[in-house]
Each structure stands twice: as C-alpha cells, then as structure tokens.
Colleague: 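Input: one structure, supplied below.
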Amino acid sequence: MPFARSYFNATLYKKYLTRFWPIWALYAIIWFFILPVNLVLNGSMGDYGTYAAAARFANEEVLRMLPEFGLGMGVLFGLLCAMAIWSYLYNNRSAGFMHALPIRREGLFFTGFLAGATFFIVPNAVVFLITLGVEAKAGAVNLSVLALWFAVQSMYCLFFFCFATICGFVTGHILALPAFYFIFNFLSIGIYSLVENVLRNFVYGFHAITGALPVANKLSPLYNISKVIRVSTERVNGVTTNVTLRGVPTLVTYTVVGLVLAALALLLYRRHQAEQAGEVVTAAWLRPVFKYGVAFCGALAFGSLLYEIFIEALWGSAWGMLGFLLLCGFLSYLVAEMLLQKSFRVL
C-alpha cells in the first residue's frame, strides 16, 4: 500500500485526543481551580472588599503563579504528554502497527506533536477566556497580565514537551524516558559541581571554575529557568504600583531551542526501527556516548561520595580519591553495559 504524502492525519489526531483525554482534562481542571475559581473566592471573601481583592489577584497573583507552580505544571505535563503520545514506540507490536499504516513517518510525527501541543495550549486558552470573563464580572480586568500568563505557560509546556520528545526518541524504553528527561535537565550543572568538588581535593588553592558556570546553567534548562523567571514588585508607601515578570526573553530562547530539538527528534524518527523497542538507547552512535558518559558521571558522583565518607580514614589523600574515582567509574561502566546488553554477563 503506498504511503500518503500528507503530513497530518485527522483521524489519528482525534484518536490521540480521545485516548489520552485524562491528561489534558486533568491539566485543565487544575488551572480552572487555580485561576477562575480562585479569583471568585478572592473576590467574594477578600479582606479589603470584593473589588480590591479581585484586582489584587488579577494584577499580582496571576503572575506569581508562574515562577514555581506554572513551571512545575509545564515540567510535569510536558513529560506526561510526550510519554503518552510516543508510547507506541516502546512496544514492538504497537510500533509495527503504527508504522504499517499508510502514513509517512513525518505524518505520524507531526500528528503526534500537534496532538501533544493541543493537550496544553487549548486548555490554556479555555482557562484564559474563563478567567477573563470572571475578571470582567468583578470589574478587575487586566488583559495584559492574563495574556502574559497564557504566553509564558504555553511556552513552559511547549519547551518541556519538545525536550521530552527528543528524550523519547533517544531511548526505546518508556521508563528510561523520564530518567533521561530529569537527568538531562540537570546534567551540566551537576557535572560542573562534581568537577569543582574533585578539583578542590586535587588542586591546591583551587576555588571555582567561574567562566564555566554561566554555560553550565544555560545547558540545564529547568535549573536555569527556575532561576531567571522571577516576579518583581514596585511599591510606594506600601501600595503596589507595578508588577513585572522577569526572564521572559530567556524563556522565548528556550522555546525556540525546544522547536529545534523537536526537529532533531524528527531526524531520529526517520531512522528509528521498530525492533529497537525496549532498548535503553536506540541510536547506535549514541550507545558509546551513553556508556562512557555513565562511567564518567558515576565516577564523579559515587567516587566523591565514597571519598567524603572515608575522608578521615584516608587523611584527605588525593590518591585515595583517585582510587575511588577509578573504582566507581569501572563499576558504572559495567552497569551501563548491562543496560545496553540487557544482561548481567558483560565481562
């Protein structure tokens, strides 16, 4: 049967929406209670009157939800959307069935990607409209703040969905997806901290690698976004005059990078084989990177931990730390090989 040249399949799109409706429904319900319902409660039970409480909520509290709660929602539901949409890749029978459909790989990818984006963009839009209506009824409309909430929350979800998508195409095991997702979010800043710790024990007078810290922060998306997205408030005589959400340009940059990662995921999908379902790492050229990367990170993490435990017995010996690093690196290498080979017999 010849493959259709369409890059979107409406039937498959609807199937995604109906099959995984609990995800987008739960996301919408949570925000429904956090914004419009919360605004109604603030307006009806405010300490300073209905209008004052509703205005304060519309002008300040909507933005204050973004740096922590909104970011957490984007991180969690971006991962859940990716795990649901690409779940067929992690089972040989499901992958074979999907790839037997008369739809090109590009069609499968774009249909799944648009369905995943719909899981949060449409609920965000619905909550935006409901909240706007509640604000209008309370006489405390702040369209710019509410539009900023919609844009930032959508960018949160879009970036982390793209990030989870590239992680999903790197592995063929559904449990490895969330593991890679959270590891890669903190990998660079974690390596930076571990390398600094090791150098402090090896190099006399060493303090810090100052030049590498900004790069390490930017390469750890969740860590960096949580640091740069902040709400600043200007007050005059105890009265709030201006509320600003800082760090939005950085989030826009990450969103663009996320779309680039999604394009790379499409390139990986073109070479994906259904027989790779169940593999920890699917791409052959990434398997050595995974193996030696696990060995390197395991040596730094567990070697440093053992050194801290036995530091008094070793009298702060650098040779003792070197021994722990080599031992933990070798053991981590064996663990990575076991995961790749799916066997304990790897020597």
Side-chain angles (χ1 to χ4, degrees), residues 66-68 70-79 81-83 152-171 176-200 203 206-230 245-268 280-283 285-305 325 329 332 336:
L66 288 171
E68 296 181 2
L71 177 58
M73 289 284 287
V75 171
L76 176 60
F77 281 91
L79 173 62
C81 290
M83 293 180 68
V152 170
Q153 189 60 39
S154 297
M155 286 190 289
Y156 277 156
C157 295
L158 181 59
F159 169 74
F160 286 108
F161 174 64
C162 294
F163 194 85
T165 294
I166 187 72
C167 294
F169 282 99
V170 166
T171 181
L177 196 165
F180 285 167
Y181 178 74
F182 287 105
I183 289 173
F184 290 155
N185 262 300
F186 297 98
L187 183 61
S188 63
I189 193 66
I191 292 178
Y192 171 84
S193 301
L194 291 171
V195 169
E196 267 199 346
N197 183 60
V198 171
L199 290 178
R200 286 193 186 99
V203 182
F206 175 81
H207 177 63
I209 312 174
T210 55
L213 182 58
V215 178
N217 287 338
K218 292 176 181 178
L219 293 178
S220 297
L222 178 53
Y223 177 83
N224 194 42
I225 291 175
S226 66
K227 294 296 182 182
V228 300
I229 300 294
R230 284 286 181 268
L245 183 68
R246 303 190 180 277
V248 176
T250 300
L251 183 58
V252 172
T253 302
Y254 274 112
T255 305
V256 174
V257 171
L259 294 175
V260 174
L261 293 178
L264 294 177
L266 175 59
L267 296 179
L268 290 175
V280 176
V281 178
T282 54
W285 59 275
L286 282 176
R287 293 170 75 89
V289 176
F290 171 79
K291 184 164 51 178
Y292 292 109
V294 169
F296 177 73
C297 294
L300 292 177
F302 296 107
S304 299
L305 177 62
L325 292 176
S332 299

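These values consider heavy atoms only, across backbone and side chains, with no hydrogens, waters or symmetry-generated copies.
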Colleague: So how far is it from L261 CG to F163 CZ, rounded to the nearest 0.5 Å?
Modeller: 7.0 Å
Colleague: Would a 4.5 Å heavy-atom cut-off, applied to side chains only, mark L71 and I229 as touching?
Modeller: no
Colleague: Could you point out which residue of T255, V256, I225 forms a side chain to side chain contact (heavy atoms under 4.5 Å, CB included) with M155?
Modeller: T255
Colleague: What is the ring orientation for F184 with F180, classed by angle as parallel under 30°, tilted 30 to 60°, or perpendicular over 60°?
Modeller: parallel
Colleague: Minimum heavy-atom separation for G74 to F160, with atom names?
Modeller: O-CB, 3.6 Å
Colleague: Between CG of L267 and CZ of F169, what distance do you get to the nearest 0.5 Å?
Modeller: 11.0 Å
Colleague: Quick one: does any side-chain atom of R287 pair with a main-chain N or O of V281 as donor and acceptor, under 3.5 Å?
Modeller: yes
Colleague: Show the nearest heavy-atom pair for residues A265 and I166, with the distance to one decimal.
Modeller: N-CD1, 3.5 Å
Colleague: Testing the basics here: between A262 and C162, what is the closest heavy-atom pair and its distance to 0.1 Å?
Modeller: CB-SG, 4.1 Å
Colleague: To the closest 0.5 Å, what do you measure between SG (C157) and CG (L79)?
Modeller: 12.0 Å
Colleague: Can you name the nearest heavy-atom pair linking S332 to A299, along with the distance?
Modeller: OG-N, 4.2 Å
Colleague: When rounded to the nearest 0.5 angstrom, what distance separates OH in Y181 from OG1 in T171?
Modeller: 15.5 Å
Colleague: Between L259 and L158, is any pair of side-chain heavy atoms under 4.5 Å apart?
Modeller: yes
Colleague: Would you check if the side chain of Y156 reaches a backbone N or O of L66 as a donor-acceptor pair within less than 3.5 Å?
Modeller: yes
Colleague: Taking the side chain as everything from C-beta on, heavy atoms only, tell me whether Y254 gets closer than 4.5 Å to N224.
Modeller: yes
Colleague: State whether the number of non-hydrogen atoms from other residues, nucleotides or ligands found under 6.0 Å of F302 atom CZ is greater than 12.
Modeller: no
Colleague: Please round to the nearest 0.5 Å and tell me the distance separating atom SG of C167 and atom CZ of F182.
Modeller: 10.0 Å
Colleague: Return the set of residues passing salt bridge (Lys or Arg N to Asp or Glu O under 4.0 Å) with E196 (not counting sequence neighbours), or none when no residue passes.
Modeller: R200
Colleague: If you look at every heavy atom in N217 and I189, which pair is closest and at what distance?
Modeller: OD1-CD1, 3.1 Å
Colleague: Could you tell me the separation between the CG atom of L325 and the CG atom of L194, rounded to the nearest 0.5 Å?
Modeller: 10.0 Å
